[in-house]
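Following: one structure in structure tokens, then a few remarks.
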Amino acid sequence: MTVATAPSPPVTSSPPGGSSRRRRTLRWLLPLGPALVLLALFLAGPILWSVYIAFTNETLTGSASVNSRFVGFDNFTRMFADPNFLNSFLLTFIFVIGSAVIGQNTLGLIIALLQRGRGRVTRSVVNGVVIAAWVMPEIVAAACWFSFLAEEGTLNAVLGISQEWLYTAPMVAVILANIWRGTAFSMLVYSAALSEVPADLVEAAAVDGAGPARRLLHITLPLIRRSIMANLMLITLQTLASFGLIYALTAGGPGTASQTTPLYMYEQAFRYFEIGYGSAIALVMLVIGALFSLIYLRLIKVEDA
């Protein structure tokens, strides 16, 4: 008589190469250990600390510097009820749109288009002049524009008038200065993108009777749309955080006429010593920059769909 026995469960074993792959992964990660520790200590640590103190009444001097306390969303409530912050936010929006989205982006594309088909000497001279402004330190660029726009500056000498441009039109002055300094980046991005546009496709469109405008709108721009979106994202984030050029030119003045949000944040945190309130402003700027990035990335995905 035979007795039926239940089949024994299959014995599972880890893949023969699993442990060796883990060891290889650990060997690759081990040299990165010191770098990861330094990033956590000097990058992630200060960021997390700044996020925390944005919800406190931390100050650099006074009793709150020793006995700071958690105040929740009080700093943010105060911020959005502060007319000076709202004014700085509006000026930041104007500065980004005027100097980055319209100014640097458009001028960089125009220069890149005009250089197509030109000789090597012409391209070298134009690139050298434009890039020289880009690699120039912000404080030096601000000094150049101050000498150009001051009451005794070059512009008034050429026009034969006496006008204090940094006082009567401060936002126009800082927008023009930032366009002059930052256009080289957009020019380089678009020059690289245009070099990938098939020349035979453009020539075929010209043979079919398409004029320069139609070739640009229906062939060139669609083919470089990813570069356009990437360039817009990068220059927007860079311009959003611009501080040194504006501070050296106008320091946000006269009054608050050119005080963008980074300058307002600096004033609150390091002139009035309200580091908690200044960190709350910085956190809002970080969120705005992240939103701009998500919008541009979403547009790139829509174009690829």
Side-chain angles (χ1 to χ4, degrees), residues 84-112 114 126 129-159 161 163-190 228-229 231-267 281 284-285 288-289 291-293 295-296:
N84 289 326
F85 170 77
L86 298 177
N87 176 70
S88 72
F89 188 80
L90 175 62
L91 292 178
T92 302
F93 179 78
I94 295 172
F95 181 66
V96 170
I97 297 298
S99 66
V101 177
I102 297 176
Q104 295 178 24
N105 182 62
T106 304
L107 186 58
L109 178 60
I110 291 173
I111 295 175
L114 291 176
V126 173
V129 171
V130 177
I131 294 175
W134 185 39
V135 300
M136 188 179 297
E138 279 189 327
I139 190 67
V140 178
C144 293
W145 275 88
F146 184 86
S147 300
F148 182 70
L149 296 173
E151 189 172 1
E152 298 83 10
T154 307
L155 181 60
N156 286 339
V158 172
L159 298 178
I161 61 175
Q163 177 72 33
E164 186 59 70
W165 300 101
L166 294 174
Y167 182 83
T168 57
M171 282 304 298
V172 175
V174 296
I175 286 174
L176 291 177
N178 196 56
I179 292 173
W180 175 79
R181 185 175 184 272
T183 296
F185 180 81
S186 297
M187 181 196 70
L188 293 175
V189 170
Y190 289 135
I228 294 174
M229 292 301 171
N231 178 66
L232 284 172
M233 180 177 66
L234 293 173
I235 63 175
T236 296
L237 295 178
Q238 180 184 10
T239 306
L240 189 66
S242 181
F243 174 83
L245 185 68
I246 304 175
Y247 189 81
L249 270 176
T250 65
T256 59
S258 61
Q259 187 183 59
T260 57
T261 304
L263 273 73
Y264 179 71
M265 175 191 66
Y266 170 83
E267 179 185 68
I281 299 172
V284 170
M285 293 293 295
I288 293 172
L291 290 176
F292 271 115
S293 300
I295 291 172
Y296 286 131

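The analysis underlying the following values was restricted to heavy atoms, covering all of them including side chains, and did not include hydrogens, waters or symmetry mates. Worth saying up front: this structure is predicted, and the values here are computed from it rather than measured.
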Atom [atom1] in [X], atom [atom2] in [Y]: separation rounded to 0.5 Å?
X      : Y      : atom1 : atom2 : answer
Leu155 : Phe148 : CG    : CZ    : 4.5 Å
Met136 : Arg181 : CE    : CZ    : 9.0 Å
Met285 : Leu240 : CE    : CG    : 4.0 Å
Leu149 : Glu164 : CG    : CD    : 9.0 Å
Thr154 : Trp145 : OG1   : CH2   : 10.5 Å
Met229 : Leu234 : CE    : CG    : 13.0 Å

**Message:** For Phe292 and Tyr296, take the angle between the two ring planes, folded into 0 to 90°, and tell me which bin it lands in: parallel under 30, tilted 30 to 60, perpendicular over 60.
**Reply:** parallel
**Message:** For the backbone of Gly289 and the side chain of Ser293, can you confirm whether one donor and one acceptor N or O come within less than 3.5 Å of each other?
**Reply:** yes
Are the side chains of [Y] and [X] in contact, using a 4.5 Å heavy-atom criterion?
X      : Y      : answer
Leu188 : Ile131 : yes
Pro262 : Ser242 : no
Glu267 : Asn84  : no

For residues 88-100, dump all side-chain donor-acceptor pairs below 3.5 Å to protein atoms at least two apart in sequence or in another chain.
| residue | atom | partner | partner atom | Å |
| --- | --- | --- | --- | --- |
| Ser88 | OG | Phe85 | O | 2.7 |
| Ser88 | OG | Thr261 | OG1 | 3.4 |
| Thr92 | OG1 | Ser88 | O | 2.8 |
| Thr92 | OG1 | Thr261 | N | 2.8 |
| Thr92 | OG1 | Thr261 | OG1 | 3.0 |
| Ser99 | OG | Phe95 | O | 2.5 |
| Ser99 | OG | Asn178 | ND2 | 3.1 |

Exercise: identify the closest heavy-atom pair between [X] and [Y]:
X      : Y      : result
Pro170 : Gly253 : CB-O, 3.6 Å
Ala184 : Trp134 : CB-CB, 3.4 Å
Leu166 : Ala173 : CD2-CB, 3.6 Å
Thr236 : Leu232 : OG1-O, 2.6 Å
Met171 : Val174 : O-CG2, 3.2 Å
Ala112 : Tyr190 : CB-CB, 3.7 Å

**Asked** Can you list the residues that meet the side chain to side chain contact (heavy atoms under 4.5 Å, CB included) rule with Leu107, with sequence neighbours excluded?
**Response** Ile111, Ile179, Thr183
**Message:** So if I apply the side-chain hydrogen bond (donor to acceptor under 3.5 Å, both in side chains) rule between Ser186 and each of Asn231, Asn105, Thr106, which one comes out positive?
**Reply:** Asn231
